[in-house]
There are 2 protein chains.
Amino acid sequence: MSPDSSLPARALAPRRHEEILRRLGVQGSVSVAELAGFFDVSRETIRRDLKLLSDKGQLGIVHGGAARFEPSEPAMSLRSQENARGKAAIGRVAAGLIRNGMVVFLDSGTTTLAVAQAMTDLRDLTICTASLPIALLLCHAPGMRVHMLGGEIDPGEEAASGIDMLEAMSRFRVDIAFLGGGALSPDGEVTDFTRAGAEQRGRMIALAAKTYFVLDSSKFAKLTPLRIPNFERAAGVIVDAKPQADIAEAIARKGPELMVAS
Amino acid sequence: MSPDSSLPARALAPRRHEEILRRLGVQGSVSVAELAGFFDVSRETIRRDLKLLSDKGQLGIVHGGAARFEPSEPAMSLRSQENARGKAAIGRVAAGLIRNGMVVFLDSGTTTLAVAQAMTDLRDLTICTASLPIALLLCHAPGMRVHMLGGEIDPGEEAASGIDMLEAMSRFRVDIAFLGGGALSPDGEVTDFTRAGAEQRGRMIALAAKTYFVLDSSKFAKLTPLRIPNFERAAGVIVDAKPQADIAEAIARKGPELMVAS
DNA sequence: ATCGATGTTGCAATATGTGGCAGTGAACGT
DNA sequence: ACGTTCACTGCCACATATTGCAACATCGAT
């Protein structure tokens, strides 16, 4: 009885093509398995679709799926490849915490970018971020309103920072915030590289109804100097591998829930 | 909205056509089977309907049903390919107007993106923009400070807009601004699609010491409804092909210098 | 080097498109 | 009233397109 928004069990070929291209525009790449599942058609059908679109020059086929041609984005794209599996797993867990209608804050960083990637299928969200790639990614997802926090751009993070960004941030009422961090300290806290970063994240914890830190396991081995204020008020820490038992214990003692993604 | 969710025992042809077009407007595509079921008529009848509507140019027939003609503007990454040569030429001329130490405002759009691309070799500039791709591009150029104007992201432009963006913009002292536009009107003004866009550009003219419009020749053939306030105070209009003589004259009469890039 | 996932190809099954033909019913003229 | 015309529709048979399956080739990560 509902001929509406969610795609009909069997979508026409052009409709699939449209959706595939839309996803490519948003995510940069798509996998055959993912599309076959989404459209409920066989993998061969998807491959034939991709072949067609490829012949039209609208995408490039790669093993496992297809990717969009790009002028290539620099610098950060390299870092986001590191431990991509782990980050994707963290992204899935994080996306699972989000409900319709929420106001979501996404910190800058490669792990939060993975969270954003896992969110592209969700609908009816308000996104608030200072990260250029995250804003660019999510603004094309249907049903999302994206607010970019302005400010001076930090080239390393590809994100706005500074006083303007802090001010813009504090205007929002945020339901759920996902923050990155520099390292997971031995005494069970998330720490940061810079004073400004730590301060900004501490404020976000105070602002958001719930805050989760997302840290991939490459951060376990590091040590950074700045404690993040209000850390004990965070709702959880999402990681992609079990940290040492004593660290896990220390986190739990402070308050935040430790969530291990796989 | 829908007085007809119960199946019309047998709808007349015009009634079906109306409903088919309505569905196309909402869903983008319709299938023969779905329509045949809904109207309780044979598939052939639906096909004949579609054939008729197709002959009238109101839809396109595809295997299994019908699809609406490209309702959506091509993605920005595609638009920037159109007339890339012309845009690059405009970019070179624009970049030539920039001196060390300047505060440069770059509007959103594909032509201003070309200007940004031509600027990557310059140094010691402060960039101010609401465009995500421009900010992402220039933040990696050495010796540039990039300020991103925050606000709600318009997916079509991949840029911030709205009240927050206007407010952030007005904080800056700008030496030179490069603005896009919707069209070059026959009476020698740049015009815009939307009230908000025209208003925002008008304000930037008032704010910047010098303002240049950048318009590639594909904009010559178009007509858009909104005049841009303060247009006569702009310093110049940079294009990639000579417009009609009377238009060129009209521009000069208003004040801005016409610069033809090659 | 091995194993699981992915890509390829031919083929059969199903779905869809096309054209012809006949039945229906309304409009119209006789 | 009757018959004719005509638009519209459904049914049928056949042509074509799309899809899934299965067997086999390749790729890629351990």
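Hydrogens, waters and symmetry mates are skipped; everything else that's a heavy atom, side chains included, is used. Letters A, B, ... mirror the listed sequences (proteins, then strands); counts begin at 1.
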Residues which pass salt bridge (charged side-chain N to carboxylate O under 4.0 Å, His left out) with A:Arg48, listed by chain and number, not counting sequence neighbours: none
Where A:Asp192 and A:Ala198 come nearest, the two heavy atoms and their spacing: OD2-N, 3.3 Å
Residue list, side-chain hydrogen bond (donor to acceptor under 3.5 Å, both in side chains) with B:Asp121, at least two apart or on another chain: none
Protein-nucleotide distance (A:His17, atom NE2; D:dT19, atom C1'), rounded to Å: 13 Å
Nucleotide C:dG17, atom C1' - distance to CG of B:Leu35 in whole Å: 16 Å
Where at least one partner belongs to residues 15-36 of chain B, residue pairs that pass ring pair (Phe, Tyr, Trp, His ring centres under 6.0 Å), sequence neighbours excluded: none
Would you tabulate the pairs of protein nitrogen or oxygen atoms and nucleotide nitrogen or oxygen atoms of nucleotides 4-7 of chain C closer than 3.5 angstrom?
| residue | atom | partner | partner atom | Å |
| --- | --- | --- | --- | --- |
| C:dT6 | O3' | A:Gly64 | N | 3.1 |
| C:dG7 | OP1 | A:Gly64 | N | 2.5 |
| C:dG7 | OP2 | A:Arg47 | NE | 2.8 |
| C:dG7 | OP2 | A:Arg47 | NH2 | 3.3 |

I'd like a table of donor-acceptor pairs (distance under 3.5 Å, sequence neighbours excluded) in which one partner is a side-chain atom from residues 230-248 of chain A, with atom names and distances.
| residue | atom | partner | partner atom | Å |
| --- | --- | --- | --- | --- |
| A:Asn230 | ND2 | A:Gly202 | O | 2.9 |
| A:Asp240 | OD1 | A:Ser217 | N | 2.6 |
| A:Asp240 | OD1 | A:Ser217 | OG | 3.2 |
| A:Asp240 | OD2 | A:Asn83 | ND2 | 3.0 |
| A:Asp240 | OD2 | A:Ser217 | OG | 3.3 |

Rounded distance in Å - CD1 (A:Ile46) to C1' (D:dG20): 13 Å
Length of the line joining B:Asp40:CG and D:dT9:C1', which is rounded to integer Å: 12 Å
B:Asp154: side-chain hydrogen bond (donor to acceptor under 3.5 Å, both in side chains) partners, not counting sequence neighbours: none
Sequence neighbours excluded, every pair satisfying side chain to side chain donor-acceptor pair (under 3.5 Å) that has a member inside residues 52-66 of chain B: B:Lys51-B:Asp55
Report each atom pair, protein N/O against N/O of nucleotides 21-23 of chain D, whose distance is under 3.5 angstrom.
| residue | atom | partner | partner atom | Å |
| --- | --- | --- | --- | --- |
| D:dA22 | N6 | A:Glu44 | OE2 | 2.9 |

Cationic N near anionic O, under 4.0 Å, A:Arg16 to A:Glu19: no
Net bend of the helix from C:dA1-D:dT30 to C:dT30-D:dA1, end axes of five pairs each, nearest 10 degrees: 30°
Pairing residues for B:Lys222 by the side-chain hydrogen bond (donor to acceptor under 3.5 Å, both in side chains) criterion, not counting sequence neighbours: none
Residues in side-chain hydrogen bond (donor to acceptor under 3.5 Å, both in side chains) contact with A:Asn100, at least two apart in sequence or another chain: none
B:Lys51 NZ to D:dC8 P, straight-line distance once rounded to whole Å: 14 Å
Selection residues 131-150 of chain A - residue pairs positive for ring pair (Phe, Tyr, Trp, His ring centres under 6.0 Å), sequence neighbours left out: A:His147-A:Phe172
